[in-house]
Amino acid sequence: MMIAPRQAYGEALVELGKENKDVIVLDADVAKASMTILFKEVFPDRFFDIGISESDIVGTGAGFAVAGRIPFVNAYANFLLGNGWEQIRLSVCYANQNVKIIGHNIGASSGKDGPTHLPFEDITLTRVLPNMTIIEPADGIEMKKAVKAIAEHVGPCYMRVGRLPNPVITKETDSFIIGKANVLREGWDVTIIACGVMLSMALAAAQELATEGIRAEVINMHTIKPLDKETILNSVNKTGAVVTAEEHSVIGGLGSAVAEFLAATKPVPVQFVGTKDRFGVCGTYDEIHEAMGLTAEKIVEAVKNVLVQKRG
Amino acid sequence: MSQKEKQLEEAKRAATNMRRNILLMTHRAKGGHPGGCLSATDLLAVLYKCFMRIDPAYPKSPDRDYFLLSKGHAVPALYAVLIEKGFLSQEEINDFRELEGRLPAYPSCELTPGVDMASGSLGQGLSIANGIALSCRLKGSDQRAYCMLGDGELHEGQCWEAMLTAAHFKLNNVCAIVDYNKLQLDGSLDEVKSLGDLRAKWDAFDWHTIEIDGHDLSQIYDAFAEAENYKKGPSVIIANTIKGKGVSFMEDEVGWHAAAPNDEQLQKALKELS
């Protein structure tokens, strides 16, 4: 089954809006792309289009939080984090306001719109900010749980939302707790830690590796910050080697977070699957993933490399 | 004596105390921005003494009026007025810019009671005011959001984004105040980057524009009253002020944007303000 994360997001907002009258949705003229239009249709009074002004929309959202509301601030991830970063730093994170920053069209989502519209930097830009919680759900089912969870969590959050249908890999019955990773597949040779769309590829890679007798553990790190160190350590104590995978730059993202933790706590070989130090390209979703090295094959390759390192 | 006259007597007394505290704070801390505090003092004294509905016993009351000091470097003026309103004690002026205490160099809504929002990176306050105002309107309340901007601050693009937003949503519960002292860090506004016809610009953005002498307490009072009564959209008070107002050797001197008085200067200034 495939679900577009943004569709699940829009539907979840509507559910949330029914349960909690303090939920406010702001959008920067992309409501039809972010699917906040679904919320607008049901709750026009609590929807505000602030126009194409990402600095202003972050501040307006922070104002709603000062007045006790739970604002969801929506825009394309690269413009929101680019134009709104200083506002997110001061008016949201330093002020410790209960604002939900929602970055849309993440990674390769915008396809043939090309490099200007492909954000691979947003996790880095948010991870460096104190007080920030960062979430990237694995699929449409997890997205619905994540929306509820970040609304209940008091404090600044950044959540990544993809545009195109992705494989569903989690179950309705799976738990979703902010800061608590889920082990999707158990193994003992290597730990694959991934988030978002890369999890379906990580599972495919694990399947492939199993045919060669390599047992990979796959961890859904839906919360990139705060990192679930306990789950990482438990796994790494068994496997002694790690591969991270994210639809994001390897500079400053999930892989960096994992490596920073392990380097200081339990140094083991780590390999990183993500975009390298380069901008995106024009292409379809799949073509971009291929061109940028975001595939199950690349995860398999990284596992083989890390196992060589592990053997020393 | 009318109600207004009585309130302005109090505001006048408060303004003198505030000026003394601004000088004491910056002198002791050997830092801060006295020039832009002293230009804003009379505006804050009248706003807080005559208009803001706030309660020091319940600083985070959901029913309060809100104030955003977008020109965050003028925070000693805000601390000074919060002392006048009983949110802070007189002794706390010793904590300004210190590691411990509740009075950091720029506003913190987490540390200081009565401070509604952090600031210090210019340009952000008016957007916050808009969000607050939209939220208050949504619950059918007449609470107001006041936002003080510096004139140099208006170089920041976010201010103009927020001006569009307030006008679009016809936020009659937003009142912006421009502390128009015409000096900034590097020199005069006209030397650095002119604002041109500032009043015409706010008019063109569909704001109700009120221009006053920002040191005439009666004019300040009338301006806030007019803004409160204007229902068609947001109001801005363009307050023509003098940087360093009240201390003869600081007035209109660009050097006092960010400089603390020494012992001798402090004594001289306090004598003028006694």
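No experiment lies behind these values; they were computed from the predicted model shown. First the proteins, then the strands, lettered A, B, ... as listed; each starts at 1.
- Other residues, nucleotides and ligands contribute at most 12 non-hydrogen atoms within 6.0 Å of the NZ atom of B/Lys232.
- No more than 12 heavy atoms of other residues, nucleotides or ligands shown are found within 6.0 angstrom of NZ on A/Lys148.
- More than 12 heavy atoms of other residues, nucleotides or ligands lie within 6.0 Å of NZ in A/Lys180, so this atom counts as buried by the packing criterion.
- The environment of A/Arg127 atom CZ is dense: over 12 non-hydrogen atoms of other residues, nucleotides or ligands sit within 6.0 angstrom.
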**OP:** Using the side-chain contact (heavy atoms from CB on, under 4.5 Å) rule, take A/Glu54 and B/Glu161 through it: C-alpha gap first, then chi angles, then the decisive distance, then the call.
**Re:** CA-CA 9 Å; A/Glu54 290 85 7; B/Glu161 294 180 5; over 6 Å; no
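- Other residues, nucleotides and ligands place no more than 12 heavy atoms under 6.0 Å from the NZ atom of A/Lys40.
- The shortest side-chain heavy-atom distance between B/His168 and A/Ile50 does not fall under the 4.5 Å cut-off.
- For a residue to count as touching a neighbouring chain, one of its non-hydrogen atoms must lie under 4.5 Å from one of that chain's; by this rule A/Ile57 does not touch chain B.
- Ranked by heavy-atom pairs under 4.5 Å with chain A, the first of B/Ser121, B/Gly120, B/Cys136, B/Ala129 is B/Ser121.
- Shown here for B/Tyr66 and A/Val66, the closest heavy-atom pair between the two residues is CE2-CG1, 3.8 Å.
- Crowding of B/Lys170 atom NZ: a count of heavy atoms from other residues, nucleotides or ligands under 6.0 Å not exceeding 12.
- The CG atom of B/Leu164 sits 11.5 Å away from atom CD1 of A/Ile52, with the distance rounded to the nearest 0.5 Å.
- Proximity to chain A involves both the backbone and the side chain of B/Lys139, based on heavy atoms less than 4.5 angstrom apart.
- A donor and an acceptor atom, one from each side chain of A/Asp56 and B/Gln158, are nowhere located under 3.5 Å apart.
- Judged purely by distance below 3.5 Å, without hydrogens or angles, the side chains of A/Thr60 and B/Asn130 never pair a donor atom with an acceptor atom.
- In this structure, A/Phe64 and B/Ile132 have side chains that are not in contact, with every pair of non-hydrogen atoms separated by 4.5 Å or more.
- Taking a 6.0 Å sphere around CG of B/Asp197, one finds it holds more than 12 heavy atoms contributed by other residues, nucleotides or ligands.
- Within a 6.0 Å radius of NZ in A/Lys229, other residues, nucleotides and ligands contribute 12 heavy atoms or fewer.
- The shortest side-chain heavy-atom distance between A/Gln97 and B/Cys109 falls under the 4.5 Å cut-off.
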**OP:** Dump the intermediate steps for side-chain contact (heavy atoms from CB on, under 4.5 Å) on A/Ser91 and B/Ile128, then the final yes or no.
**Re:** CA-CA 8 Å; A/Ser91 292; B/Ile128 312 289; 3.6 Å; yes
**OP:** Determine, step by step, whether A/Arg69 and B/Leu138 satisfy the side-chain contact (heavy atoms from CB on, under 4.5 Å) criterion, reporting the C-alpha distance in whole Å, the side-chain angles of both residues, the deciding distance to 0.1 Å, and the verdict.
**Re:** CA-CA 11 Å; A/Arg69 307 281 185 169; B/Leu138 200 53; 3.7 Å; yes
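- Distance OG/B/Ser119 to OH/A/Tyr94: 9.5 Å, rounded to 0.5 Å.
- Using a 4.5 Å heavy-atom cutoff, the side chains of B/Ser127 and A/Gln87 are not in contact.
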